[in-house]
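In what follows, chains carry the letters A, B, and so on, assigned in the order in which the sequence lines appear, proteins first and then strands, with residues in each chain numbered from 1.
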2 protein chains.
Amino acid sequence: MVNISTKGIYAVAAMHALSHSPNNRSMQIKEISAMTQISHGYLEQILSQLKKSSLVTSTRGAKGGYKLSRPANKIIILEVVEALEGELFSVHENVGATVVLEAFWADMQDKLRNLFSLKLSELDQAYQPFCYDI
Amino acid sequence: MVNISTKGIYAVAAMHALSHSPNNRSMQIKEISAMTQISHGYLEQILSQLKKSSLVTSTRGAKGGYKLSRPANKIIILEVVEALEGELFSVHENVGATVVLEAFWADMQDKLRNLFSLKLSELDQAYQPFCYDI
DNA sequence: AAAAAATGTTACAAGCATGTCCAATATCAT
DNA sequence: ATGATATTGGACATGCTTGTAACATTTTTT
């Protein structure tokens with residue numbers, strides 16, 4: 001079943017925010033919350049998960065915060081989403097019930113995973129609105 | 001948020017079963033249940049939804065059943081899934097919070113909808129396992 | 001007319017997801 | 001050392017989803 005909810009989308013937003021921290025300096029939840037409009041409490045949970053999946057590292061205490069554990073071009077969106085929601089698409093036993101449907105859903109899974117295999121760093125490159133030069 | 005759960009997958013399975021009814025004769029829940037391994041009770045709900053979305057028609061009473069309301073090559077998987085789960089992918093306000101992310105998710109939505117715009121009739125053509133001739 | 005065979009509708013239990021909140025722990029600054 | 005500042009972990013409320021089950025309604029058969 002495909003599963004991308006707000007949680008995964010928020011995670012991508014948080015990671016995207018982190019990827020913009022100059023020189024990958026630590027960012028605090030407070031800052032990320034201000035940038036993404038995600039509630040402080042919910043970010044706590046999300047970042048905790050991202051940490052468990054080794055996508056970010058943290059330092060505690062005053063002046064602490066989170067930062068990317070790897071450069072943004074070594075992280076793909078799929079990882080981020082799956083860190084929060086588990087396997088993006090998993091077809092279980094019996095839901096196909098025919099060979100045709102099993103093959104179909106397996107193919108879908110493949111295509112979906114491809115679709116989400118974009119690097120975090122490519123977000124800006126690919127989706128930045130066109131800007132005129134002077 | 002992307003949302004395809006067992007319900008949508010079951011719906012595709014049910015529709016696929018119906019598309020194999022010779023001459024589009026009515027099939028009963030009992031038969032569909034036997035073919036797809038989906039419980040009778042749950043199929044009732046699912047078929048009821050499919051009917052509300054005008055994807056199937058039904059006749060009640062003894063010798064009743066369900067059949068496709070249109071030929072299988074006029075029905076796409078996306079419709080079937082969305083009949084059960086609502087819009088396949090909808091990005092709401094604020095979850096992007098930046099232009100880049102909004103553009104990204106909008107693009108994803110587009111690509112996903114394309115991915116699921118396969119005709120019901122194409123399932124067999126595209127995913128039938130290869131068979132050797134004699 | 002009555003029984004049998006289907007769909008149609010609704011209520012409900014159990015589990016999962018979303019999001020809030022707080023206490024515990026760790027770190028920095030004075 | 002002490003207080004301020006952050007993360008960490010978990011408890012918890014609320015609502016949605018999944019799936020079951022029972023009952024109502026409609027149609028056919030005898």
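Residue-to-nucleotide contacts include a donor-acceptor pair under 3.5 Å from the side chain of A:Q45 to the base of C:dT20. Side-chain atoms of B:E44 come within donor-acceptor range of the base of D:dA22, with a qualifying N/O pair under 3.5 Å. A donor and an acceptor atom never sit less than 3.5 Å apart when one is taken from the side chain of B:R60 and the other from the base of D:dT26.
Taking a cutoff of 4.0 Å between a charged side-chain nitrogen and a carboxylate oxygen, B:E79 and B:K74 do not qualify as a salt bridge.
No contact: B:L47 has no heavy atom under 4.0 Å from any strand.
Atom CD1 of A:I4 is separated from atom P of C:dA17 by 14 Å (rounded to the nearest Å). When rounded to the nearest whole Å, the span between CG of B:L43 and P of C:dT9 equals 16 Å. Across the protein-nucleic acid pair, A:K30 atom NZ and D:dA4 atom P stand 14 Å apart, rounded to whole Å. If you take CD1 of A:I46 and P of C:dA17, they are 14 Å apart, rounded to a whole angstrom. In this structure, B:I9 places its CD1 atom 13 Å from C1' of D:dT18, rounding to the nearest Å. The nearest whole Å value for the distance from the CE atom in B:M27 to the C1' atom in C:dA5 is 17 Å. Across the protein-nucleic acid pair, A:K52 atom NZ and D:dT7 atom C1' stand 13 Å apart, rounded to whole Å. The separation between B:Q37 atom CD and D:dG19 atom P is 14 Å, rounded to whole Å.
With rounding to the nearest 0.5 angstrom, the NE2 atom of B:H40 is 9.5 Å from the CD1 atom of B:I32.
No side-chain heavy atom of B:L88 sits less than 4.5 Å from a side-chain heavy atom of B:Q109. Side-chain contact between A:I77 and A:L123: present, with at least one pair of heavy atoms (C-beta onward) separated by less than 4.5 Å.
Contact annotation: B:K51 reaches the phosphate of C:dG8 (side-chain N/O to OP1 or OP2, under 4.0 Å). The phosphate of C:dA17 has neither OP1 nor OP2 within less than 4.0 Å of any side-chain N or O from A:T6. One finds no side-chain N or O of A:K7 lying less than 4.0 angstrom from the OP1 or OP2 phosphate oxygen of C:dA17. For A:S39 and C:dT20, the shortest distance from a side-chain N or O to OP1 or OP2 is below 4.0 Å. Within the 4.0 Å cut-off from OP1 or OP2 of C:dA17, not a single side-chain nitrogen or oxygen of A:Y10 is found.
Between C:dT7, C:dA29, D:dT8, one nucleotide has an atom nearer to the side chain of A:K63 than all others, and that is C:dA29. Side chain of B:H40, nearest nucleotide from C:dT9, C:dA17, C:dT7: C:dT7. Considering only the side chain of B:S58, C:dG8 comes nearest among D:dG19, D:dA4, C:dG8.
For B:Q28 and A:T59, each mapped to the nucleotide of DNA chain C holding its nearest heavy atom, the one lying further toward the 5' end belongs to B:Q28. Both A:A62 and A:Y42 lie close to DNA chain C; mapped to their nearest nucleotides by heavy-atom distance, the more 5′-ward contact belongs to A:Y42.
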Audit row: A:Y66, A:L43, side chain to side chain contact (heavy atoms under 4.5 Å, CB included) steps and yes/no:
CA-CA 11 Å; A:Y66 292 90; A:L43 267 177; over 6 Å; no

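If you check the side chains of B:E85 and B:S5, you find a donor sitting under 3.5 Å from an acceptor.
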